[in-house]
Amino acid sequence: MSVYEHFRPEERALIDHFLDLIDQVSQRYIPRLTDFMDPRQQTILKSLIGKNDAVHLSFFGGYEHAERARALLLPPYVEPDTDPFQLAYLDVRYPAKFGSIAHPELLGALLGSGISRNKIGDLLIGDGQAQFICVKELEPYFMLHLTSVGRMSVSCRSISRKSLLHTDDAWTYSEGTVSSLRLDTLLSEIYHLPRAKASEAIARGWAKVNWEIVEKRNFDICEGDVISLRGHGRSKIISCGGLTKKNKIRLQYGRLN
């Protein structure tokens with residue numbers, strides 16, 4: 001059985017990339033540090049490495065429970081550097097009395113500067129404050145070039161990891177059973193919606209899987225996927241597997257309060 005059969009067809013290039021990284025570490029003893037990955041990508045990398053003792057895998061995104069994280073792959077007996085994940089923490093300063101900055105606006109400004117999403121970690125928004133995490137090498141770039149978010153003039157300054165705004169997200173964890181792993185079925189189960197309403201929301205472009213709009217109601221959901229539905233919030237698939245006596249699939253998921 002091919003390794004690709006366990007994953008989506010569109011994930012093949014990512015799997016090839018991960019397999020090459022694993023080979024570099026296990027066969028050529030070269031440490032490797034990835035860019036930021038979403039939870040689904042992290043799950044894929046974990047599963048590909050499995051119980052391979054020739055690769056030591058760790059993730060870090062700047063703080064405990066960060067959603068987006070970089071992966072460090074080390075050969076046995078190789079100790080990590082003092083700053084192995086090479087992260088920068090930036091505070092976006094703006095005149096809060098004249099307005100606020102929302103998550104989509106900050107992300108749009110960062111990506112609008114021509115930087116790839118995989119170079120940027122979590123965005124942290126608080127009362128009159130905005131911060132983000134990125135790869136270390138882009139710290140001077142953002143400090144120099146990020147001067148506006150939406151219509152707001154801003155400036156960036158480097159901060160320490162201890163100054164991050166992050167708080168532990170309030171996830172509620174649940175279990176259920178579903179007849180299939182189709183997107184419309186999962187939305188119906190997680191958000192307690194009639195199947196027809198879930199399908200309509202998908203057709204309207206209101207559903208996202210791993211931050212990308214998905215308009216196919218029969219799109220297959222996998223372990224590690226992050227799902228969001230406009231007006232209903234975000235959820236993540238913890239595990240999906242095993243059948244009940246009625247041939248329903250057992251599901252564990254978290255929902256952000």
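A quick note: this is a predicted structure, and the numbers were derived from the prediction, not measured. Residue numbers start at 1 and run along the sequence shown.
- Residues Asp16 and Tyr4 meet the side-chain proximity criterion, which asks for heavy atoms closer than 4.5 Å.
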Please evaluate residues Lys208 and Arg234 with respect to the criterion side-chain contact (heavy atoms from CB on, under 4.5 Å), reporting the C-alpha separation (whole Å), side-chain torsions for both, the decisive distance (0.1 Å), and the verdict. CA-CA 9 Å; Lys208 291 184 179 181; Arg234 185 188 304 173; over 6 Å; no
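- Looking at Ile238 and Leu251, their side chains never come closer than 4.5 Å, going by heavy atoms from C-beta outward.
- Counting non-hydrogen atoms of other residues, nucleotides and ligands closer than 6.0 Å to CZ of Phe98 gives a total of 12 or fewer.
- Between Phe7 and Ser47, the shortest heavy-atom distance links the atoms CZ-OG, 3.5 Å.
- Between Gln131 and Ile159, the closest side-chain pair of non-hydrogen atoms falls below 4.5 Å.
- In the hydrophobic cluster analysis, where Ile, Leu, Val, Met, Phe, Trp and Tyr join through side-chain heavy atoms closer than 4.5 angstrom, Leu256 is grouped apart from Ile190.
- With a 4.5 Å cut-off on side-chain heavy atoms, Val25 and Pro31 do not count as touching.
- For an aromatic pair to be called close, the ring centres must be under 6.0 Å apart, and Phe132 with Tyr89 fails this.
- By the 4.0 Å N-to-carboxylate-O rule, Asp122 lies too far from Arg68 to be salt-bridged with it.
- With hydrogens and angles ignored, the 3.5 Å screen pairs no side-chain donor or acceptor of Asp81 with any backbone N or O of Pro84.
- In this structure, CG in Leu181 is found 11.5 Å from CZ in Phe219, a value given to the nearest 0.5 Å.
- With 3.5 Å as the limit, one finds no donor-acceptor pair spanning the side chains of Glu223 and Ser239.
- Here the side chain of Thr244 pairs a donor or acceptor atom with the backbone of Lys246 at under 3.5 angstrom.
- Within 6.0 Å of CG on Asp83 lie more than 12 heavy atoms contributed by other residues, nucleotides or ligands.
- One finds the CD atom of Glu67 at 13.5 Å from the CE atom of Met37 (value rounded to the nearest 0.5 Å).
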Tell me, with the steps shown, if Ser174 and Arg255 meet side-chain contact (heavy atoms from CB on, under 4.5 Å). CA-CA 8 Å; Ser174 305; Arg255 184 170 172 181; over 6 Å; no
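- The backbone N or O of Ala102 lies less than 3.5 Å from a partner atom in the side chain of Glu105, making a donor-acceptor pair.
- There is a path of hydrophobic side-chain contacts, each under 4.5 Å, that joins Leu111 to Met143.
- Residues Ser235 and Tyr191 have side chains in contact (heavy-atom distance under 4.5 Å, counting atoms from C-beta outward).
- Summarising the geometry, atom CZ belonging to Phe18 is positioned 9.5 Å from atom CD belonging to Glu11; distances are rounded to the nearest 0.5 Å.
- Within 6.0 Å of the CZ atom in Arg28, the count of heavy atoms belonging to other residues, nucleotides or ligands exceeds 12.
- With hydrogens and angles left out, the side-chain atoms of Ser188 and Thr185 include no donor and acceptor closer than 3.5 Å.
- Taking each heavy atom of Gly224 and Thr43 in turn, the nearest pair found is CA-OG1, 3.5 Å.
- Heavy atoms from other residues, nucleotides or ligands lying under 6.0 Å from OH of Tyr29 number 12 at most.
- Hydrophobic clustering (side-chain heavy atoms under 4.5 Å, transitive across Ile, Leu, Val, Met, Phe, Trp, Tyr) groups Val154 together with Leu164.
- Counting all heavy atoms, side chain and backbone alike, Ser153 lies closest to Pro95 at O-CD, 3.6 Å.
- The number of heavy-atom neighbours closer than 6.0 Å to CZ of Arg217, taken from other residues, nucleotides and ligands shown, is 12 or below.
- For the residue pair Ile101 and Ala130, the shortest heavy atom distance occurs at CG2-CB, 4.4 Å.
- Using a 3.5 Å distance cut-off with no hydrogens or angles, the side chains of Ser100 and Tyr94 do not pair a donor with an acceptor.
- A side chain to side chain contact (heavy atoms under 4.5 Å, CB included) with Leu229 is found for exactly one of Leu193, Leu183, Ile202, namely Leu193.
- Using a 4.5 Å cut-off on side-chain heavy atoms (C-beta onward), Ile15 and Ile44 make contact.
- Side-chain contact check for Leu123 versus Leu110: some heavy-atom pair is nearer than 4.5 Å.
- Under a 3.5 Å cut-off, the side chain of Asp38 and the backbone N or O of Asn210 do not form any donor-acceptor pair.
- Placement of Ile237 and Leu45 in two distinct hydrophobic clusters is found when ILVMFWY residues are connected by side-chain heavy-atom separations under 4.5 Å, directly or transitively.
- In this structure, Val209 and Val226 have side chains that are not in contact, with every pair of non-hydrogen atoms separated by 4.5 Å or more.
- Checked options Leu144, Asp91, Leu146, Thr147; the residue passing with Cys156 is Leu146 (criterion: side chain to side chain contact (heavy atoms under 4.5 Å, CB included)).
- Residues Leu73 and Ile30 are members of separate hydrophobic clusters, defined by side-chain heavy-atom contacts under 4.5 angstrom among Ile, Leu, Val, Met, Phe, Trp and Tyr.
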side-chain contact (heavy atoms from CB on, under 4.5 Å) between Thr177 and Ile249, intermediate numbers included: CA-CA 5 Å; Thr177 59; Ile249 301 170; over 6 Å; no
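- In this structure, Phe60 and Phe85 have tilted ring planes: the angle between them lies in the 30° to 60° band.
- A distance of 8.0 Å separates CG of Asp127 from CD of Gln129, quoted to the nearest 0.5 Å.
- Using modelled atom types, one side-chain atom of Arg8 and one backbone atom of Asp220 make a donor-acceptor pair closer than 3.5 Å.
- Here Gln86 contributes atom CD and Cys134 contributes atom SG; the two are 11.5 Å apart, rounded to the nearest 0.5 Å.
- Between Cys240 and Cys222 the shortest heavy-atom distance is SG-C, 4.1 Å.
- Side chain of Glu139 to backbone of Leu87: no donor-acceptor contact under 3.5 angstrom is found.
- Here the straight-line distance linking atom OG1 of Thr34 with atom CG of Leu72 works out to 8.5 Å at 0.5 Å rounding.
- No side-chain N or O of Tyr253 forms a donor-acceptor pair with one of Asp225 less than 3.5 Å apart.
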What verdict does the side-chain contact (heavy atoms from CB on, under 4.5 Å) test give for Ile213 and Trp206, after you've listed the backbone C-alpha separation in whole Å, the side-chain angles of each residue and the deciding distance to 0.1 Å? CA-CA 7 Å; Ile213 294 175; Trp206 292 351; over 6 Å; no
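- More than 12 heavy atoms of other residues, nucleotides or ligands lie within 6.0 Å of CZ in Arg117, so this atom counts as buried by the packing criterion.
- Contact between Ser148 and Ala109 at its shortest, heavy atoms only, is O-CB, 3.7 Å.
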